[in-house]
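Side-chain atoms are counted along with the backbone in the values below, which use heavy atoms only and exclude waters and symmetry mates. In what follows, chains carry the letters A, B, and so on, assigned in the order in which the sequence lines appear, proteins first and then strands, with residues in each chain numbered from 1. Predicted, not measured: the structure shown is a model, and the values here were computed from it.
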Amino acid sequence: MENLLENLNKEQLEAVKTTQGPLLILAGAGSGKTRVLTTRIAYMIKNGVKPWNILAVTFTNKAAREMKERIGKILGEDTVKYMWVGTFHGICGRILRENIDKYNTATGKNLDKNFTIYDDLDTNQIITRIIKKLNLDEKQYQTKLVKSIISNAKNKMQDAYAFATRARDFKSQKIAAIFEEYEKSLNNNNAIDFDDMLLLTVKLLEQNEEVRTKYYERFTHILVDEYQDTNIAQYQLVNMLYTGMKPDIPQERSLCVVGDVDQSIYSWRGADFKIIMNFQHDYKNVKLIKLEQNYRSTGNILNAANNVIENNNERVEKVLYSNKGEGEKLSYYIAADETDEANYIIRNIRQNAHGNYNNFAVLYRTNNQSRKIEEACMGAGIPYRIYGSTKFYDRAEVKNVLAYLKLINNTDDSQSLRRIINVPKRAIGETTVKHLSDFANEQDISLFEAIKICDEYSEFNAKTCAKLKDFASLIHKFQQAQNTCSLKDFMTLVIEKTGYLSELQEKAISDPEIEDDINNLQELVNVAQDFVPEEQDNQLSEFLQQVALVSDLDSMNEESNNVTLMTLHAAKGLEFPTVFIAGLDEGIFPSQRNINSMNPSELEEERRLMYVGITRAKEKLYLVSAKRRQMWGEYKYYNPSRFIEEIPSNLIESFESDNDYSTREESTFRSAVTRAKSNYSRSSISTDSDGYVRPSSGFGANFVAPSKRGLSTSTVKRTPPKSIIIKSAANKAKAQKPLSFDGYSAIERMKEERKLRLAQEQSEAQKREEALRGNAVITEVYDVGQRVFHSQMGLGHITDVMHLGESVMYTIDFGKLGKKAMDAAYAKLKKL
DNA sequence: AGAACTAAAGTTTTT
DNA sequence: CTTTAGTTCT
């Protein structure tokens with residue numbers, strides 16, 4: 001026990017020991033709130049609170065997982081497993097799976113426990129279909145817009161009916177009509193959307209006293225992290241569980257919320273930081289504790305953060321302080337363009353990483369900004385991992401298999417049925433589905449039910465009907481097989497017995513890219529194998545739900561040695577020794593949209609995002625902007641972000657690219673003005689006393705990204721789980737020999753091959769690693785003019801040689817394919 | 001029914 | 001510029 005409370009400061013200790021009543025912890029960035037939360041839970045358990053009485057809500061799955069791990073280390077795994085630790089959505093999903101049959105819907109058609117959770121794509125398709133069906137102008141009623149209106153309404157606990165009663169103008173009324181249809185559609189599919197998870201749980205608890213009491217009595221101690229990012233539905237849920245809708249709250253119950261108004265960055269999805277500001281009014285005798293000591297960042301970084309956030313009006317006064325000393329100054333680099341920006345960042349990482357790439361993060365405002373930085377990483381052979389963007393579960397082949405599972409789990413899920421009824425090809429085309437859909441509408445039943453009685457429909461001939469029924473009986477067979485084997489084996493069965501795998505294998509012979517799809521399916525099977533259910537029954541349903549709620553971010557792994565690339569939003573809650581904030585241009589960050597906005601609070605949210613970004617850095621913060629960027633094929637010119645100006649200039653060292661694009665061709669040209677400004681000459685790059693690389697000449701402009709070919713599939717392959725990246729050469733070799741399809745063996749064989757490939761990749765990665773650490777000696781440095789051969793690019797000649805610290809960069813002219821910059825250590829060049 | 005082409009939209013941020 | 005959805009052609 002003494003151990004447990006060791007090294008806590010006064011405020012932290014008080015927070016840990018306050019285990020009754022409502023507690024509000026205002027925790028600044030890096031003030032050790034996660035530690036407080038986990039210690040507080042452990043403290044309560046050691047003082048007699050039962051683990052099943054604890055409910056801890058986090059913002060991301062990753063945070064939940066980490067919290068479980070940390071508590072597990074203190075109290076042991078078997079204690080943690082009785083606690084409910086998860087995201088709002090995860091917890092609501094669990095409550096709904098247990099009780100959704102007791103919820104009375106507006107349509108009177110109740111949902112059952114095998115309900116499907118529709119993702120973004122599903123809801124988009126449904127809404128688009130409805131807009132068409134209602135003959136509305138698709139320009140005025142854009143799917144995206146309608147969806148966000150519906151989502152916002154749900155976040156405010158308004159259902160279709162509540163929305164309709166509020167709709168005054170014509171357009172709102174039309175949207176209300178879409179909303180109503182949409183709800184009907186979800187209902188008919190026995191499906192719910194993301195927002196419904198919260199909305200329905202609150203309504204269920206409201207409606208049903210028995211269910212409400214069950215959870216009220218169970219969860220006597222509730223903790224909520226990132227409370228500044230809760231929306232009204234989430235607020236009501238917490239309130240309902242804490243008070244049980246009773247007028248008086250027994251003192252031995254506790255509700256502990258932790259948050260930081262300055263880090264509220266999700267208002268666009270309904271979050272409202274006024275909720276945290278009202279906490280003291282919501283409950284009697286609220287204890288308030290402020291954590292202002294920062295244990296993460298140096299003085300200069302905190303100082304910058306404090307100065308930026310001070311420009312906001314809507315906040316609770318709070319000043320972070322640190323005892324880490326001033327530390328290094330911030331660096332600010334004005335790049336010539338986005339390529340220069342990326343190269344500046346990568347050059348710095350290369351110089352300072354010494355092999356430890358996980359010390360670095362590059363943060364940006366929008367996902368698309370990752371592209372140039374990714375290209376630069378590839379070109380320099382720096383290992384990186386992009387979070388966000390394309391997700392594993394968004395891939396068509398993965399979605400197809402999941403659609404089968406969803407349909408097996410819930411045959412009313414017509415959305416999934418539509419997706420896979422002709423995958424693999426079963427000669428069931430558009431027309432047939434259209435007829436089936438009309439028939440289902442007519443009868444007010446799901447597509448699957450319609451198949452069962454399709455011979456009653458005049459549009460169908462016997463042949464079509466037979467094909468449909470074959471499909472239905474396949475699904476039935478799967479349903480019977482479902483509980484006879486493990487989830488992993490069941491998924492394998494589905495992939496194979498549907499004929500999907502053999503179809504892909506067939507295609508892979510002529511198109512090696514398809515091999516990736518097969519590997520992704522293998523990876524999906526692996527996910528199923530690793531799945532640990534919370535409850536014993538209804539595993540398929542639970543698995544599907546878990547899959548619906550995971551994000552790319554959750555797969556983050558601190559141990560892997562790569563540079564982290566992510567949006568500022570995704571970085572919340574994380575920390576890195578060195579952080580780069582890229583794209584600090586007026587119009588990029590803050591985004592143009594929020595500069596133009598009528599509502600000044602939207603600009604304040606951008607500023608909070610900047611605050612979040614700055615406070616991610618522990619030791620060194622780099623800020624980067626660019627004078628011009630390519631947008632939709634055209635160059636746009638930008639001014640530095642206002643947030644730069646909000647940082648006192650004495651905290652920053654500034655550098656500017658001397659690359660002015662009127663002189664793009666002569667990259668060695670340096671203007672006298674810039675030279676005077678930066679005070680660093682080209683030769684000083686590797687000799688800086690403090691060890692940091694200084695931007696110098698127009699290296700950036702001359703640094704051409706890897707060939708299109710190298711990146712051509714980048715959007716598809718950008719962020720596959722690391723285990724499924726495969727070399728195209730291996731693909732081709734595999735595609736040559738036809739794969740037989742006999743039971744499980746095909747997939748087992750795939751597994752073997754995958755293992756081999758993995759081992760190969762690992763050894764390659766190791767080699768690169770060693771090379772980067774300087775173990776590999778570059779034996780010979782070629783001269784300008786040397787003719788060389790590159791395995792991918794072919795013949796070329798060296799036009800420029802640059803020495804950057806320990807490494808050597810060549811600029812190589814490959815003729816038609818253009819000039820490329822390559823690192824001597826990785827390019828594997830052959831001298832001719 | 002499926003491939004191949006064409007037009008239009010897109011860049012906030014995500015559970 | 002890139003990606004996607006939709007359309008036309010075979």
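Distance NZ (A/Lys144) to P (B/dT14): 13 Å, rounded to an integer number of Å. Look at NZ on A/Lys147: it is 14 Å from C1' on B/dT13, rounded to the nearest Å. Going from atom CG of A/Asn594 over to atom P of B/dT13 covers 12 Å, rounded to whole Å. When rounded to the nearest whole Å, the span between CD of A/Glu226 and P of B/dT13 equals 19 Å. The nearest whole Å value for the distance from the CG atom in A/Leu609 to the P atom in B/dT13 is 11 Å. The CG-P distance, from A/Asn368 to B/dT11, rounds to 8 Å in whole Å. Atom OH in A/Tyr393 sits about 18 Å away from atom P in B/dT14, given to the nearest Å. Residue A/Tyr118 contributes atom OH, which lies 25 Å from atom P of B/dT14 at whole-angstrom precision.
Of the residues near DNA chain B, A/Val550 and A/Ala427, the one whose nearest nucleotide (by heavy atom distance) lies more toward the 5' end is A/Ala427.
Among the atoms of the strands shown, only primed sugar atoms or phosphate atoms (P, OP1, OP2) are found under 4.0 Å from some heavy atom of A/Phe59. Looking at heavy-atom distances under 4.0 Å, A/Gln369 makes no contact with the nucleic acid at all. Note on A/Phe88: nothing from the nucleic acid sits closer than 4.0 angstrom, heavy atoms only.
Ion pairing of A/Arg608 with A/Glu605 is present here, as a side-chain N (NZ or NE/NH1/NH2) and a carboxylate O approach within less than 4.0 Å. A salt bridge is absent between A/Lys154 and A/Asp159; no separation between the charged side-chain nitrogens and carboxylate oxygens falls under 4.0 Å. In summary, A/Glu66 and A/Lys62 engage in a salt bridge, as defined by a charged side-chain N under 4.0 Å from a carboxylate O.
C/dG6 sits 16 Å from B/dT11 when the P atoms are compared, rounded to a whole Å.
With B/dA1, B/dT15, C/dC1 as the choices, the nucleotide that has an atom nearest any side-chain atom of A/Trp632 turns out to be C/dC1. Set against B/dG10, B/dT13, C/dT2, the side chain of A/Thr567 has B/dT13 as its closest nucleotide.
In this structure, B/dT11 makes no Watson-Crick or G-U wobble pair, since no nucleotide meets both defining distances under 3.5 angstrom.
Partner of A/Arg629 under the side chain to side chain donor-acceptor pair (under 3.5 Å) criterion, chosen from A/Glu338, A/Glu634, A/Glu341: A/Glu341.
Checking the phosphate oxygens (OP1, OP2) of B/dA9, a side-chain nitrogen or oxygen of A/Lys139 falls inside 4.0 Å.
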